[in-house]
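A short worksheet on the structure shown next.
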Number of protein chains: 2
Amino acid sequence: MNKLRAIQLFVRLAELGSFTRVAEQLNTSKSVISKEVSRLEEDLGVRLLHRTTRNVQLTHAGEGYLQRAREILAQLEAADSFVQDLQQAPRGRLKINAPMALGITELSRMFADFMRAYPDIELDIHLGDEDVDLVEQGFDLGFRASSQPLDLAYVGRPLTRFGYHVCAAPQYLQQHEPIVSVDDLRSHNCFEYSYFKGKNVWPLDDGVRIGGTLRVNSVIFMLTAIKSGLGLGLVPEFLCREALASGELVEVLPDARKPELTLYALYPARHFVPARVLQCIDFLEAWFLRQR
Amino acid sequence: MNKLRAIQLFVRLAELGSFTRVAEQLNTSKSVISKEVSRLEEDLGVRLLHRTTRNVQLTHAGEGYLQRAREILAQLEAADSFVQDLQQAPRGRLKINAPMALGITELSRMFADFMRAYPDIELDIHLGDEDVDLVEQGFDLGFRASSQPLDLAYVGRPLTRFGYHVCAAPQYLQQHEPIVSVDDLRSHNCFEYSYFKGKNVWPLDDGVRIGGTLRVNSVIFMLTAIKSGLGLGLVPEFLCREALASGELVEVLPDARKPELTLYALYPARHFVPARVLQCIDFLEAWFLRQR
DNA sequence: CCTGTTGTTTTCAAATTGGAAACAGTTTTA
DNA sequence: TAAAACTGTTTCCAATTTGAAAACAACAGG
């Protein structure tokens, strides 16, 4: 038995309350979880959990062990960070979460530079636009674009600000009615981004309810559709900058009032923040300053 | 790599200053020690020891890690013995309060099993349906059936849920008017349980005021009267289950809405709850889970 | 330049592990 | 009431990892 892993599994299990979910979250089979936790119980000679087919609940012994196990794992992590931070060049693994669109544009260039600067740091980058809990999923760092301040459980550092543009292909604009006011959008094919907070109301001036033939959870996908001349989209600046410069896309309603978002780097407010995380954030801040 | 064992080996190694001696002391080969410690260093990305052919000495990082590692191992050991002490064949007396009806049915079987499992625990069981103050009377544990959450001065663990049935003897039903609706009960001989919260209003559908020739503070007594064909009673499921199965009693108005009660195990929210109490509750929970 | 001792590496049989599938329960659904 | 859908556990076997011995490399001391 790998006792340390068994303990980690037990803690996870206590949090999620289900063998199946732990297995899913760790991309392994539930038999592994079951066997390892059973072995831990056997090793201790104590039942830590009551199992039923519907849920798992801690025994009294399990509750006591959980509390101590958490502490021990935290201390071990701190010990590891301690020795790693003594090294001159930071090393270790950084698990990072970022929005898809941002990840494959700005951040891909940024992290290429980062890897050059810190060749001993392993990056584990998860791109996705679903809401994730950084702590629960073990992320060291996350990127969020927001117009409001952020969750207090995290430390957030503003990196840069960016806006949106309403974009269309020149071809589309030729073939359709001209757009001179925000209200004209109502009669156009405006694409909707599924995760967009305003849903089908674009925050132009006082807001305009739009409609169209495409609703998709990827701005990249949407951008391709726009470039093909199929419709209009509200696209983050960093995504359309190139296409606007080259003339492949044209900005519509450049003078309409549009919101500005701030891009934050977030990290869990732990007791011991590993040096590599802080170092990475310093790098981020410097990098984005240089870009402007 | 078994990290925990690697850490243990590292600590031993730092103490003995020699791979060979660690191997000897643990009755294993030195290759194991060498490989495992190397793997730990690799995992951390940090050299913990300077090796020469003559002796082993800690690096700066190694010293820091050693100190933390010792602490972690000590805490782990403490956690292990903590749960094991909880488990240790507990002894002593458990003073327990339970409702009469429950005590002479379910609980009598449950505690028979418990006594087999923990032969060193003395049980002092007080059955009774009066309201008692557990703390004042020195009870370690009490059982309460309730539809609402419980007094905050106690810690309560839900054990099982059960319902009620309106029961009568077949003989009684033959000799009296048929009962097809809740309201029909008004004209029947419905027995009243003195401690019942609703007094003479049975909580069927929207409630029905009943009356009859027996009012008694023992459901067992009442059950005997019902079996004799003298009248109807509102009886907890666990009490009439057998009689219903054997046909000795028949359920009346099975489709009427009836309340469901949760059976709780209660113990005073003291600072130090004796291990035997916690142990007993774990046993209870497991037992009732198994029953279902 | 041996000799004895150190830690590391190699080797390969033996033990352990991990995932799929079968299984035994239970709850939910139709 | 039967079927479907989950639960956690167990079984099975290929794949990996482990461990002890032996070979090896490095070095101190005679």
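Atoms considered below: every heavy atom in the structure, side chains included; atoms not considered: hydrogens, waters and symmetry mates. In this text the structure is predicted, and so the values were computed from the model without any measurement.
Two residues are said to be in side-chain contact when any heavy atoms from C-beta on lie closer than 4.5 Å; B:I72 and B:I7 fail this criterion. At least one side-chain heavy atom of B:Q8 sits less than 4.5 Å from a side-chain heavy atom of B:L73.
Judged purely by distance below 3.5 Å, without hydrogens or angles, the side chains of B:D282 and A:H60 pair a donor atom with an acceptor atom.
Across the protein-nucleic acid pair, A:E36 atom CD and C:dG18 atom P stand 7 Å apart, rounded to whole Å.
Cation-pi geometry between A:K30 and A:F19 is not met at under 6.0 angstrom from the ring centre and within 45 degrees of the axis. For the pair A:R276 and A:Y118, the cation-pi test (distance below 6.0 Å, angle within 45°) is failed.
Between B:K3 and B:E41 there is no salt bridge, since no side-chain nitrogen of the basic residue lies less than 4.0 Å from a carboxylate oxygen of the acidic one.
Nucleotides of DNA chain D that come within less than 4.0 Å of any heavy atom of chain A span, from the 5' end to the 3' end, D:dC6 to D:dC12.
Between B:H188 and B:Y172, the angle of the ring planes lies from 30° to 60°, which puts this pair in the tilted group. Using cut-offs of 30° and 60° for the angle between ring planes, the B:Y65 and B:F10 rings count as tilted.
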query = When you check every protein heavy atom under 4.0 Å of nucleotides 3-13 of chain C, what one-letter string (B, S, -) results, 5' to 3'?
reply = -B-BBBBBB--
